[in-house]
Amino acid sequence: MQIEPLTRVGQVQEGDILLLEDAKGRVLRVNAQEVIRPGVVDDSNGEEIVFNRRRNDYFITALYLAGKSWVKDARIVVPGNVPLLANPSEGPQ
């Protein structure tokens, strides 16, 4: 598993696991449920990452990248490659 910083619009995909830190230093682990207007860079009407549809919790990627969002740090959890055993019946050595 790797944790990558959010560095550009269009980087987050639906289903991605995100770690979001707010101004008080609280870290939320959320799933990106929906990406609205993917790839759109406009600050006011650009890409939105929705992580709770029921409560309408989201952030705008361009505002985050400009330092104007309630999200102060955003990271994407990327599943890593799990090495396969040469012979799975042998188990770990």
Side-chain angles (χ1 to χ4, degrees):
M1 173 175 55
Q2 294 179 335
I3 299 176
E4 298 179 354
L6 177 58
T7 58
R8 60 182 168 75
V9 172
Q11 189 175 355
V12 176
Q13 304 297 314
E14 289 182 7
D16 283 352
I17 298 171
L18 306 174
L19 301 174
L20 307 177
E21 183 177 352
D22 68 10
K24 294 183 180 180
R26 293 179 294 210
V27 177
L28 302 171
R29 180 194 177 279
V30 300
N31 290 340
Q33 294 180 347
E34 186 175 4
V35 178
I36 300 172
R37 293 180 298 283
V40 176
V41 182
D42 184 7
D43 283 357
S44 61
N45 200 25
E47 177 182 271
E48 293 180 19
I49 310 301
V50 179
F51 56 89
N52 188 324
R53 287 186 192 113
R54 184 176 55 79
R55 292 192 330 217
N56 195 30
D57 290 338
Y58 70 96
F59 69 97
I60 297 173
T61 309
L63 288 179
Y64 162 70
L65 294 171
K68 299 176 183 178
S69 174
W70 67 270
V71 175
K72 300 307 174 193
D73 188 44
R75 308 277 170 160
I76 303 170
V77 178
V78 180
N81 293 333
V82 177
L84 299 175
L85 298 172
N87 184 350
S89 64
E90 291 177 6
Q93 301 294 324

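All values derive from a computational prediction rather than experimental measurement.
With salt bridges taken as basic N to acidic carboxylate O contacts below 4.0 Å, none links K24 and D22.
Listed for the E48 side chain is no donor-acceptor partner under 3.5 Å among the backbone atoms of Y58. When atom types are taken as modelled, the side chain of E21 and the backbone of V27 share no donor-acceptor pair closer than 3.5 angstrom. Remark: the backbone N or O of A74 is paired with a side-chain donor or acceptor of Y64 at under 3.5 angstrom. When atom types are taken as modelled, the side chain of K68 and the backbone of L65 share no donor-acceptor pair closer than 3.5 angstrom.
Among all heavy-atom pairs drawn from E34 and R53, the shortest one is OE1-NE, 3.4 Å. Listed here is the closest heavy atom pair of A32 and I49: CB-CG2, 4.0 Å. Between I76 and V12, the shortest heavy-atom distance links the atoms CD1-CG2, 3.9 Å.
Distance check, rounded to the nearest 0.5 Å: CG of L63 to CD of E47 gives 11.5 Å.
The hydrophobic cluster containing L28 also contains F59, counting ILVMFWY residues as joined when their side-chain heavy atoms lie under 4.5 angstrom apart, directly or transitively. There is a path of hydrophobic side-chain contacts, each under 4.5 Å, that joins L18 to W70. V41 and V50 fall into different hydrophobic clusters, defined by Ile, Leu, Val, Met, Phe, Trp and Tyr side-chain heavy atoms under 4.5 Å apart, directly or through other members. If you chain together hydrophobic residues whose side chains sit under 4.5 Å apart, V71 and V30 fall into the same group.
Residues that satisfy the salt bridge (charged side-chain N to carboxylate O under 4.0 Å, His left out) test with R54, not counting sequence neighbours, are absent from this structure.
In this structure, Q13 and V35 have side chains that are not in contact, with every pair of non-hydrogen atoms separated by 4.5 Å or more.
For R29, the CZ atom counts as loosely surrounded, since its 6.0 Å shell holds 12 or fewer non-hydrogen atoms of other residues, nucleotides or ligands.
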Output side-chain donor-acceptor pairs under 3.5 Å for residues 1-8, partner residues at least two apart or in another chain, one line each.
{"unit_1": "T7", "atom_1": "OG1", "unit_2": "Q11", "atom_2": "OE1", "d": "3.4"}

